[in-house]
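Just so we're on the same page: letters track the sequence lines, and every chain starts at 1.
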Amino acid sequence: MKVLVVEDAAIIALDIANRVRRLGHMVTGTAATADIALEKARETSPDVALMDINLKGGRDGVDAASLLAEELGIRCIFVTAYSDRDMRERALATRPLGYIVKPIRDAELKEALAAAATALGLDD
Amino acid sequence: MNRNSVAKYLNMLVVSGRLEMQEVAVAKVYYLSHRVPISAMLDFSSDIILVLDSAGRVVQANDNLLSFTGLGRDEVAGRDIGSLDIPLLAPLLESGLVREALGGKEGTDEITFEKDGKNLYFTVKSVPTVFDDGEAGVTVIMEDVTAARRVLQEKERLLAEIHQRVRNNLQLISSLLSLQAASMGKGAGREIIRKTEGRLGVLARAHDHLDRSPDHARVGLGAYLAELIADSADAAEYPAGLVTADVVPPDLSLRLNAAIPVGLIVNELVLNACTHACPGGAPGPVRVSARDDGGVLTLAVEDAGVGFPPGFDLVADGSLGLTLVRALVTEQLGGRMEVEVRDDGPGARVLVTVPVREETP
């Protein structure tokens, strides 16, 4: 599966990309803002985006997820430090493929990516 | 009229509030009470106050009510409250709060009112009232609690933000460790990093559960331990189904300052059991149990392995893991730990008892 990593902390982005590759998927790029995410998604057409909610710039990850879904039909798995109900509800309204709370554990990431692949009909 | 009748009459006037009485030695001195019309006081209250008669007509409306609704005193006086179009009061009339107060039942309610695009919050009291002539009525007192609500909401927002920052920082440390581990070949160094990641994971789990608990202060032990042992089994590459946890009572919960050390203890003991309990042989069951004995938490971790060697000294012979456990149990939690050979089968049992009496946070 082709995965775009959207995360504004460079070190965490590096780690997520590493883990995704270790789990046997391809990373098409990393993005720190909603705008870059949109741009990279257009260029690299990933199957799914791993989306942080807290992003640099004016638009957050929930906005970015809506844009990706509307403009490019790309759905997200949220990877976020937010666990409060309001933010979760806002995020779930964008029909994400998954919702992981930080810190990331390989088992949870693996499960979420596998579930996303199934939902997108990309099982091999 | 004799003096008894006079005394009774004066008493009635005292009870009705018209006279006040002071005893001076054996004499009772009566004088006119200092009465101020309550209507004069109502205007000084910061609350919105409305007095209605039994037919629901406005007897009094204080200045605050008038300025809030923008109505004049003569526009409301004597009018039926139902016929006045005051949106602020609509929820009160709908909820039957006023009707109940007329029936003699005091009531409280909270209402939200939108004014100029902002939400205002009121605590409303309806108080059964009796007028001078004995007629029943009702006094409605509305306290604006918007400011207090805002402070509370701000506090909750800050709390959520702090949780978010803790998580982000834990993620950052975890990412650094994970990147470091990935850059190294297999070996003892990588093993150390994995163990450190596991210990960090315990803190993250405790924060997860704290966040999910309704009061943000306690960690539900059952779900917390279930996730922890799955993490530990995963880290030790041990079949997760063989590691089980049993918590009695099932709804047992701990404050954060006990939950973190208890989590670290369980993590180390389970790792230890998974690593040493079956050298070469088939992996056997590892059982964790936690029981609350009235302020004392008893933790036991049992395996079906080879047990500790005879004469095993925890302090001298133990790994870093066991040294951590001992320090957490005795130094931090003020408890005791024992290592036993199981009498009900093969394997070892580590028994930890720690006081978890509630202290004020």
Need one label for Asp106(A): side chain, backbone, both or neither, based on atoms under 4.5 Å from any heavy atom in chain B. neither
Looking at every non-hydrogen atom in both residues, tell me the closest pair between Leu179(B) and Asp15(A) and how far apart they are. CD2-CA, 3.7 Å
Please find the pair of heavy atoms, one from Asp208(B) and one from Lys102(A), that lie closest to each other, and give the distance. OD1-O, 4.4 Å
For Glu43(A), I'd like to know if atom CD has over 12 heavy atoms of other residues, nucleotides or ligands within 6.0 Å. yes
Honestly, the part of Arg165(B) sitting under 4.5 Å from a heavy atom of chain A is neither
In terms of heavy-atom pairs under 4.5 Å, which option from Ala230(B), Ala160(B), Ala182(B), Ser178(B) contacts chain A the most? Ser178(B)
Heavy atoms from other residues, nucleotides or ligands near NZ of Lys110(A) exceed 12 (cutoff 6.0 Å): no
Determine whether more than 12 heavy atoms belonging to other residues, nucleotides or ligands lie under 6.0 Å from atom CD1 of Ile11(A). no
Distance from Thr80(A) atom OG1 to Gln164(B) atom CD, nearest 0.5 Å? 6.5 Å
Rounded to the nearest 0.5 Å, what's the gap from CG on Leu14(A) to CG on Leu176(B)? Could you check? 10.0 Å
So which atom in Arg105(A) and which in Ala204(B) form the shortest heavy-atom distance, rounded to 0.1 Å? NH2-CB, 3.5 Å
Does atom CZ of Arg75(A) have more than 12 heavy-atom neighbours, drawn from other residues, nucleotides or ligands, at distances under 6.0 Å? yes
Quick check on the structure: residues of residues 262-271 of chain B within a heavy-atom distance below 4.5 Å of chain A, by number. none
Under 4.5 Å from any heavy atom of chain B, what part of Glu108(A) do you find: side chain, backbone, both or neither? side chain
Going from CD1 on Ile12(A) to CD1 on Ile173(B), what distance comes out if it is rounded to the nearest 0.5 angstrom? 10.0 Å
Considering only heavy atoms, which portion of Asp231(B) lies under 4.5 Å from any heavy atom of chain A: side chain, backbone, both, or neither? side chain
Assert top hit (heavy-atom pairs under 4.5 Å, partner chain B, pool Ile16(A), Asn54(A), Asp52(A)) equals Asn54(A)
Quick check: do Ser175(B) and Glu7(A) have side-chain heavy atoms less than 4.5 Å from each other? no
For the student: nearest non-hydrogen atoms of Glu197(B) and Arg19(A), plus distance: OE2-NH2, 3.7 Å
A quick test of your reading: do over 12 heavy atoms of other residues, nucleotides or ligands sit less than 6.0 Å from CZ of Arg22(A)? yes
